[in-house]
Amino acid sequence: MARIVLKFGGTSVGDIDRIRNVARKIKAEVDRGNEVAVVTSAMSGATNQLVKWVNEIAPLHDAREYDVVVATGEQVTIGLLAMALQQQGVKARSWMSWQIPIRTDAAHTKARIVDIETADMARAMKAGEVPIVPGFQGLSPEGHVTTLGRGGSDTSAVALAAALKADRCDIYTDVDGVYTTDPRIVEKARKIDQVTYEEMLEMASQGSKVLQTRSVELAMNHHVRVQVLSSFDAAVGSDLPGTMVVDEEEIMAQGLEKSVVSGIAFSKDEAKITVTRVADRPGVAAAIFGPLADTNINVDMIVQNVSLDGSSTDITFTVQRADLARAVERLERAKVDLKFAEIKADINVAKVSVIGVGMRSHTGVALKMFETLAAKGINIQVISTSEIKISVLVAAEYTELAVRALHTAYELDAA
Ligand code: ADP
Ligand code: ASP
Ligand code: MG
């Protein structure tokens, strides 16, 4: 008998038939004698619709009210799924996040989970009940509803698995595992049987939305065994048909050869901001990025251009597209102190990244990326690197072309 947390994404619970299908999967795991807790997303499209309404009412909306609205999608699916299970003879009940509670910090729209009280839930599970928990939402210290950022249900599931000390966390989605790149963009993408936490973390943070970044971080820190698999296949999680996210040692212990590059990620969620003619003196970068950090805006890639006249320079950086308006507004407010000439914003950009732990021990990986892009006539606007990834910012219209060319260049194409 194992204790498993099952998470179902939006497409998997996208209509009533699919909710019934999900209930059958849960029942199959219960019938095998497993102790099961379930986390579910809102129906596919539901959260997008809620976000759209919020933006129509007020583009620079109050983050607390945003959460009140967008957290509602998951309330619908937990109730429906609990009913579907009851109809199939499984004891189930829904638990809203404030009923558990799932405690988060107060960073509305991108809150972090700080604690989950599982004693009552564990007791219910021992008594044969399946708890159905809404992903994506939590409870702030002030007692307000929070949300965890788009795709946050993955994080809810992994956090619950860690808190329940579950043997495994199965993330059911609409693809049968983690691929070398998004299989919807590159037909020749290959499924990976095992991926390391580190690589998965980079892939997720560079835009592979199959898992939310924070969920991988949590899995890595709490040693949660995560499996990504499809809710549309016949197999259930205990058959282990998907991609396992594991420690590098576990892969090495099997004597498997790791390829230098294991995956390619891309993100169109980027926006580029250039602040022109800021003073080229100590403290300016801090003066620009300080206010953004205070506003909870993450800055990703940064370049400071060479100062032409020795006194002023341009600083270019990227933020998430959803943060663009807020970032520009915040910088405009700081203009009296910063004394820059202007702010240029560009949303016609995308970030493409190659990722692999093999990069640590191989040279020439970056060169191959630059040559491949050059051969396609794709201009690189900003570059950033870490030990196991290289990212470039390119014009958005070249995203697919760049990803496909790199996938071939690093010999990732399926036969
Ligand atoms: P869910 O609603 O189940 O959370 P998501 O849409 O968030 O599903 O994530 C699944 C999607 O992630 C897939 O449909 C696929 O298009 C996309 N994806 C991006 N990169 C990858 C990758 N490397 N491997 C698998 N899927 C990927
Ligand atoms: N429903 C939320 C979203 O669409 C959370 C999730 O699906 O993971 O972002
Ligand atoms: Mg998702």
Side-chain angles (χ1 to χ4, degrees), residues 6-14 18 22 39-52 54 66-67 69-78 97 109-111 133-138 146-160 169-193 195 199-216 226-232 242-243 245 261-269 320 322 352-356 399-400 403 406-407 412 414:
L6 315 184
K7 179 260 173 175
F8 296 92
T11 320
S12 305
V13 293
R18 287 177 176 183
V22 160
V39 173
T40 176
S41 296
M43 288 177 163
S44 55
T47 310
N48 284 349
Q49 178 62 68
L50 296 167
V51 170
K52 195 163 163 268
V54 166
Y66 169 101
D67 281 349
V69 177
V70 303
T72 57
E74 274 72 8
Q75 181 164 350
V76 175
T77 46
I78 55 167
S97 52
T109 79
K110 45 183 101 163
V133 176
F136 188 47
Q137 58 171 262
T146 53
T147 63
L148 311 180
R150 296 306 306 271
S153 297
D154 299 327
T155 300
S156 309
V158 173
L160 187 62
C169 181
D170 285 343
I171 308 277
Y172 282 90
T173 181
D174 53 6
V175 284
D176 60 354
V178 177
Y179 279 68
T180 46
T181 191
D182 190 340
R184 295 188 200 288
I185 300 298
V186 179
E187 221 175 87
K188 291 181 180 158
R190 263 190 291 129
K191 184 178 153 193
I192 311 172
D193 292 330
V195 62
E199 286 168 324
M200 194 64 239
L201 187 61
E202 284 287 11
M203 282 175 74
S205 65
Q206 301 312 320
S208 300
K209 289 197 178 132
V210 61
L211 288 177
Q212 199 200 32
T213 309
R214 179 81 185 120
S215 73
V216 189
V226 172
Q227 174 178 215
V228 177
L229 70 167
S230 168
S231 66
F232 299 101
T243 297
V245 188
V261 168
S262 4
I264 298 176
F266 60 90
S267 165
K268 292 184 179 174
D269 252 3
Q320 282 192 0
V352 178
S353 310
V354 299
I355 293 134
T399 317
E400 283 80 10
V403 173
L406 292 168
H407 199 266
L412 296 173

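Excluded from the calculations below are hydrogen atoms, water molecules and symmetry mates; all remaining heavy atoms, backbone and side chain alike, are included. Each ligand, and each atom within it, is numbered from 1 in the order the structure gives.
- Checking D154 against S215 by side-chain atom types alone, no donor-acceptor pair falls below 3.5 Å.
- Other residues, nucleotides and ligands contribute over 12 non-hydrogen atoms within 6.0 Å of the CD atom of E400.
- Of all the atoms in ligand 1, the ones that sit under 4.0 Å from a non-hydrogen atom of K7 are 4 (O).
- Crowding of Q320 atom CD: a count of heavy atoms from other residues, nucleotides or ligands under 6.0 Å not exceeding 12.
- Under 4.0 angstrom from ligand 1, the non-hydrogen atoms of T181 all belong to its backbone.
- For a threshold of 3.5 Å applied to N or O pairs, the pair formed by S12 and ligand 1 contains no separation below that value.
- For atom 6 (O) of ligand 1, the nearest protein heavy atom lies 4.0 Å away or farther.
- Taking distance alone, with nitrogen or oxygen atoms compared against 3.5 Å, P183 stays at or beyond that limit from ligand 1.
- Looking only at heavy atoms of the protein, atom 23 (N) of ligand 1 is closest to Y179 O, 2.9 Å.
- Note: an N/O pair closer than 3.5 Å links D182 and ligand 1 by distance alone.
- Contact annotation: for R150 versus ligand 1, there are no heavy atoms closer than 4.0 Å.
- No part of S153 comes within 4.0 Å of ligand 1, judged by heavy-atom distances.
- Heavy atoms of K209 found under 4.0 angstrom from ligand 1 belong exclusively to the backbone.
- Nearest residue to atom 1 (N) of ligand 2 from K7, E74, Q212 is E74 (criterion: closest heavy atom).
- A side-chain N or O of T147 and one of D67 form a donor-acceptor pair less than 3.5 Å apart.
- More than 12 heavy atoms of other residues, nucleotides or ligands sit less than 6.0 Å from atom NZ of K191.
- For a threshold of 3.5 Å applied to N or O pairs, the pair formed by D154 and ligand 2 contains no separation below that value.
- Which parts of ligand 1 touch S208 is read off a 4.0 Å heavy-atom cut-off, strictly below it: atoms 20 (N).
- Heavy-atom distances between G135 and ligand 2 stay at or above 4.0 Å for every pair.
- Taking every heavy atom of T173 and a limit of under 4.0 angstrom, the matching atoms of ligand 1 come to 1 (P), 3 (O), 8 (O), 9 (O), 10 (C).
- The residue among V210, I264, V175, D174 with a heavy atom at the shortest distance from atom 27 (C) of ligand 1 is V210.
- At least one heavy atom of G177 sits less than 4.0 Å from an atom of ligand 1.
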